[in-house]
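Here is the naming used below: chain letters follow the sequence lines, and residue numbers restart at 1 for every chain. As the structure is a computational prediction, the values presented were derived from the model and not from experiment.
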There are 4 protein chains.
Amino acid sequence: MENTGVADCRNTAGRPRCPGKDAAILTSALTLLTQQGFTRMTLDAVARAAGVSKATIHLRFKTKTELAAAALKTLRPCSRPPETGDALADLVAQLADFAATLTRTHGMSLIGTCLAEEAHTPELLAHFREHAVQPRRTAVRRLLERARAQGALAPDADPDALTSALLGVFYADHLAGRATDEDWAERAAAAVLGVRSHP
Amino acid sequence: MENTGVADCRNTAGRPRCPGKDAAILTSALTLLTQQGFTRMTLDAVARAAGVSKATIHLRFKTKTELAAAALKTLRPCSRPPETGDALADLVAQLADFAATLTRTHGMSLIGTCLAEEAHTPELLAHFREHAVQPRRTAVRRLLERARAQGALAPDADPDALTSALLGVFYADHLAGRATDEDWAERAAAAVLGVRSHP
Amino acid sequence: MENTGVADCRNTAGRPRCPGKDAAILTSALTLLTQQGFTRMTLDAVARAAGVSKATIHLRFKTKTELAAAALKTLRPCSRPPETGDALADLVAQLADFAATLTRTHGMSLIGTCLAEEAHTPELLAHFREHAVQPRRTAVRRLLERARAQGALAPDADPDALTSALLGVFYADHLAGRATDEDWAERAAAAVLGVRSHP
Amino acid sequence: MENTGVADCRNTAGRPRCPGKDAAILTSALTLLTQQGFTRMTLDAVARAAGVSKATIHLRFKTKTELAAAALKTLRPCSRPPETGDALADLVAQLADFAATLTRTHGMSLIGTCLAEEAHTPELLAHFREHAVQPRRTAVRRLLERARAQGALAPDADPDALTSALLGVFYADHLAGRATDEDWAERAAAAVLGVRSHP
DNA sequence: AATGAATGAGATTTCATTCAT
DNA sequence: GATGAATGAAATCTCATTCAT
């Protein structure tokens, strides 16, 4: 039987860690980091939300910064919507998932925190990039490449640049106060990929 | 014209306010707001940078929030690069100015602050929208409309959506850690407006 | 009219410092430093004893260490008992004053603090040396030199070494749990200066 | 012989204590007590230095104070330098050993801790007195008595007072920042016992 | 108006001690 | 017995705001 991860690495000595406390702390931290930002997130609040004492947090994370960074590492890569074979349709589904996730999790707020703290705490943006931004970009880019292979995009289209354009529509719309609901994904795809997708 | 802000609500009676101080305070506040974020920006630091006492700041702005909001109102609408008549070329110039401004002023950091504080202090994002985002969008949209009139864009192109796409490339690139220097504007325009701009 | 010190250095601007607060803080700090030692002395306790808020202390002293050092600087050089012309008698009086001062002010406790903190906070011992040890030594040495000039001590007696011996008796006696009251000074002088003082 | 301490109060039933740990804990505690003082010495640091867990310490010593007291009890009485028959020469050797020991073990720092904690934890000074001060005084006094018997000291010399004077020179010199190296012992003896020792 | 003083309400971090294997 | 986990109670320092000239 193979070692399947964290749950197995139990030392025999000492009082065992109260199970679930790790998760409770990280979840609470991520929630508060999102809702309040890094500086407003207090360890008191995290402890209260997680149902542990502050010292228990410090047992796991030497500093508040470490805690925040660890919380960001728990961001799961984007769910992969089922693929239909029609790359453009799949792309729109992926964009819709992107928008729904950002909306549901108040992602723009978390992005704001990472950007605002970049000067003081660059780890935040770094982890967010690695665990949230890059996986999403990879998924989008793969679909763009597939679409190009299917002839739905010009052969010289730059998948990375188009990825920025597609995802960027959301950021720009949010910043401008424009609606990002329902058929946002379709509108974004239409605008960026143009009439070529609806011949 | 209506009274639009705290700085105007002065009594005409009594000793007049030292005139240069308003500007010094707002400039210092905007700088620190950008560099440190809202929560890290301390009134002590603003006072020091402006060469005034903390109490002098409170004389003009009842709270720290009011100060930050007022500082954001001083954001000047984007400079308008000279226009050549070639709408697409002017558009690229406008985008280049956009990127240069954001880079020079650490605008992404300020954007982060406004997004991160949205829950607690929605005024920040509101003012940023009004004074920075909308003017820029208007300039870009006007050029897109002109390009469409010149036949350089499809007649059914949606200027607002394309504006989001063009500006959004910058946000997405920054967030992904992609380069946004030199010929960023040209690459963004090429990606979003496609081969249509280089027939 | 001449400037006579601290009390005159009032800036015209700003709220004037609450008089007596400086002294209250330093007095409380010195007392607590003596009674509790440096690490046990809390700023809360100092604030309470001085009747000010903690922040008021921090306004004057950036750190706890600075406060403790400043408190030690307020140690007044030893009182100079009146001199009779009989150098040996004056010396005994000086030693009696030394013992009385140490006893009354719990000086051994304060000495302990300075010694115990030497590794972490050498300023404490440095200030204690300058403001308490050296003045006392100077007074004792001067009397020893006078006694030597009067022929009451051998011409080759080393005043500095004898100063250490005389004052050291107190330290050693305290450390050994021996009595240091009433006629301690006479006994110490007799032991160190020997029969030579009572021919 | 009577039971003299905590470390002995073990149950004979149950798993026997790991034997080397007592010594490791006490040694580490004494070192840290000396280097950091009582309040700065943390049980975490003692546990780390001793290679045991904090709980293991509490198993032997109910409180931090008990641990510190027990550590002081392990102080060994002074080494007895070989005696030559010349009591004054032996005395100088004894003083040299005293100075060397205090210097090597940072004894003044430990003395400071005991003095500083006297109000809160009088056990510390009590144990230090019993295990370090008194043995040394006894050794010195014995040599002084021998010297007196040999005619090298005045018949009415008070050995206890002279002991305080001799050892006190070290305390006073250290407190004054005077050198206590190399020939300190000879200088101290010369100052206190006078030219009589070098006829 | 302008300023320096003063403060109450935290925020992060530390630590001796107790608990559960 | 030994250990790592858990915690309550501080302690230092910070900061937006108010006060007294």
Could you check if a side-chain atom of Leu72(B) sits within less than 4.5 angstrom of a side-chain atom of Cys114(B), using non-hydrogen atoms only? yes
Could you go over nucleotides 5-8 of chain E and give all protein N or O partners under 3.5 Å, atom names and distances?
from: dA5(E); atom 1: OP1; to: Arg17(C); atom 2: NE; distance (Å): 2.8
from: dA5(E); atom 1: OP1; to: Arg17(C); atom 2: NH2; distance (Å): 3.3
from: dA5(E); atom 1: O4'; to: Arg15(C); atom 2: O; distance (Å): 3.3
from: dA6(E); atom 1: OP1; to: Cys18(C); atom 2: N; distance (Å): 2.7
from: dA6(E); atom 1: OP2; to: Arg60(C); atom 2: NH1; distance (Å): 2.8
from: dA6(E); atom 1: OP2; to: Arg60(C); atom 2: NH2; distance (Å): 2.9
from: dT7(E); atom 1: OP2; to: Ser53(C); atom 2: N; distance (Å): 3.2
from: dT7(E); atom 1: OP2; to: Ser53(C); atom 2: OG; distance (Å): 3.4
from: dT7(E); atom 1: OP2; to: Thr56(C); atom 2: OG1; distance (Å): 2.4

Tell me yes or no: between the side chains of Thr31(D) and Ser28(D), is some donor less than 3.5 Å from an acceptor? no
Any side-chain heavy atom of Leu115(C) sitting closer than 4.5 Å to one from Phe128(C)? no
Separation of dA1(E) atom P from Phe61(B) atom CZ, nearest Å, is 13 Å
If we only count heavy atoms from C-beta on, is the Leu67(B) to Lys64(B) side-chain gap below 4.5 Å? no
Quickly work out the Glu66(A) CD to dT12(E) C1' distance and round it to whole Å. 14 Å
Atom pair distance, as rounded to whole Å: CZ in Arg48(B) and P in dT3(E): 15 Å
Name the residue closer to the 5' end of DNA chain E, choosing between Arg40(D) and Thr39(A) according to the nucleotide with the nearest heavy atom. Thr39(A)
Interatomic distance, Lys64(D) NZ vs dT17(E) P [rounded to whole Å]: 8 Å
Non-hydrogen side-chain atoms of Glu118(D) and Leu124(D) separated by less than 4.5 Å: no
Side-chain contact test, heavy atoms from C-beta onward, threshold under 4.5 Å: evaluate it for Thr27(C) versus Leu30(C) and give yes or no. no
When rounded to whole Å, the CG to C1' distance for the pair Leu43(C) and dA11(F) reads 8 Å
In whole angstrom, what separates Leu32(A)'s CG from dA11(E)'s P? 12 Å
Does any part of the side chain of Thr34(C), heavy atoms only, come nearer than 4.5 Å to the side chain of Thr113(C), both counted from C-beta? no
Rounded to the nearest Å, what distance is computed from the CE atom of residue Met41(B) to the C1' atom of nucleotide dA16(F)? 11 Å
Does any donor atom in the side chain of Thr39(C) or Glu117(C) lie under 3.5 Å from an acceptor atom in the other side chain? yes
Atom CG of Asp44(B) to atom C1' of dT3(E): distance rounded to whole Å? 13 Å
Side chain proximity check, Thr42(A) to Gln36(A), heavy atoms < 4.5 angstrom: no
Mind pulling the stems DNA chain E is in, i.e. runs of at least three Watson-Crick or G-U pairs, everything under 3.5 Å? E:2-21 with F:2-21
